[in-house]
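Contents: one structure, followed by commentary.
These numbers come from the heavy atoms of this one structure, side chains and all, not from hydrogens, waters or symmetry mates. Sequential numbering from 1 along the given sequence is applied to the chain's residues.
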Amino acid sequence: MPDPYDPSPSAGDRFTFGLWTVGNPGADPFGSQVRPSVPPPDLVAGLAKAGAWGVNLHDNDLVPFGTPAAEQERILAEFQKALADHGLVVPMATTNLFSHPIFRDGAFTASNPEVRAFALQKAMRSIEMGVQLGAGTIVFWGGREGVETDAARDCRDALGWYRECMNFLCAWTKNQGWDLKFALEAKPNEPRGDMYLATTGHMLHFIETLDHAEMCGVNPEVAHENMPGLSMVHAVGQAMEVGKLFHIDLNAQRIGRYDQDLRFGSEDLKGAFFLVRMLEGTCGHAAYTGPLHFDAHAYRTEDVEGVWDFARGCMRSYKILAARAKAFDADTEVLDILAANHADARNIAPTLADFNSNNLATLEALELDVDALASKGHRYERLDQLAMEYLMGVRT
Ligand code: GCO
Ligand code: MN
Ligand code: MN
């Protein structure tokens, strides 16, 4: 009998990994790589075997920087053959605007307009390649958009240049006749001391200032919200509430540390549970239906076999959490506690939903028993313990 938690694209699972995630050879700032570099077509084969639905890439994950055009075509053809042979899709593509030394002071926010021009050229070539591979979403992670010292530039100038570049790329994309979504990814720090647009919340506001805000949304990452101790669930919830969750980077992270990119669910299991619950829509509201992307990598202790343990672990944990969330949200004790807290016996909520003279009069006349309301407990201790017991597997 098949294990219900094993990923299966034919059963509708849409898990994706970046080439840079399962291809991560384990180098860190203190040591060189510990695993061989695996060619992209072999990563595609491995992902298909592990049960993934798709693969994402930076331009230079596939085509090394400076590759001549003819060689690029050969690499692309070979990669496309691997995708077709193994039935994998490329839902998302992104641009490496952080590795090359030209971006040491930023890409779209570099003080030098020639660097900003090069960043735009590189992004356009990368988007062309993404379109060729069938990607519908382009992620923008500004790895070098920030400073170590604010003596370098006024952040208002940087944000203005960032906006100009995004406006340029949106207009160019439309001009090309492509229907693409741009998903902007925030991070508070690393590799820069302070990054511009540090959280998903910053990003959501910035998007509303763009010329083509409708084609731009966010790509929140668990680690990036957790590094400074923020709630990923609330970041994702805010994005979903305004229809801007265009993509997601799933991984795990301990608060306050460097970007750990750990296997999904392996830290802050409770945060992962409430995140999956929200994405799956079992607690109400529409589910997220985009790709479920893991932006994480295996421990440096692992060999190539361990990388596939890591990948399967990410997907299995998501599916296990989805099943636990579904059971939690169908539990009558859970539903009763929630119903008691949301009860509106006097039908007051509609009065608050709109300012007009009737509602104003109703509100002014409303008699509220403040002492009774203030003395009422909410039973969230019991509710949370129920969540924990589902998570710990003693209630099913
Ligand atoms: C990081 C980022 C990146 C981006 C990737 C896609 O902290 O390094 O999360 O992994 O997600 O560059 O744009
Ligand atoms: Mn990251
Ligand atoms: Mn990421």
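Judged by distance alone, the side chains of Asn356 and Asp354 do bring a donor and an acceptor atom under 3.5 Å apart. The closest side-chain donor-acceptor pair between Asn219 and Glu185 falls under 3.5 angstrom. Between Trp20 and Asp295, the side chains place a donor N or O and an acceptor N or O closer than 3.5 Å (distance only, hydrogens not considered). For the residue pair Gln385 and Glu381, no side-chain donor N or O sits within less than 3.5 Å of a side-chain acceptor on the partner.
Residue pairs satisfying the salt bridge (Lys or Arg N to Asp or Glu O under 4.0 Å) criterion with at least one member in residues 266-286, sequence neighbours excluded, are listed as follows: Arg254-Glu267, Lys270-Asp384, Arg277-Asp329. Applying the salt bridge (Lys or Arg N to Asp or Glu O under 4.0 Å) test to residues at least two apart or on different chains, the pairs with a partner in residues 107-124 are Asp59-Lys122. Judged as a salt bridge (Lys or Arg N to Asp or Glu O under 4.0 Å), the pairs with a partner in residues 205-227 (not counting sequence neighbours) are, in order, Lys174-Glu214.
A search for side-chain hydrogen bond (donor to acceptor under 3.5 Å, both in side chains) contacts involving Glu78 returns nothing, not counting sequence neighbours. Every residue meeting the side-chain hydrogen bond (donor to acceptor under 3.5 Å, both in side chains) condition with Ser10, not counting sequence neighbours, appears here in chain and number order: Ser8. Looking at residues two or more places apart in sequence or on another chain, you find a ring pair (Phe, Tyr, Trp, His ring centres under 6.0 Å) between Tyr380 and His378.
Just one of Gln238, Met240, His234 meets the side chain to side chain contact (heavy atoms under 4.5 Å, CB included) condition when paired with Val236; it is Met240.
Met92 and Leu169 are not part of a single hydrophobic cluster, where members link through side-chain heavy atoms under 4.5 Å apart.
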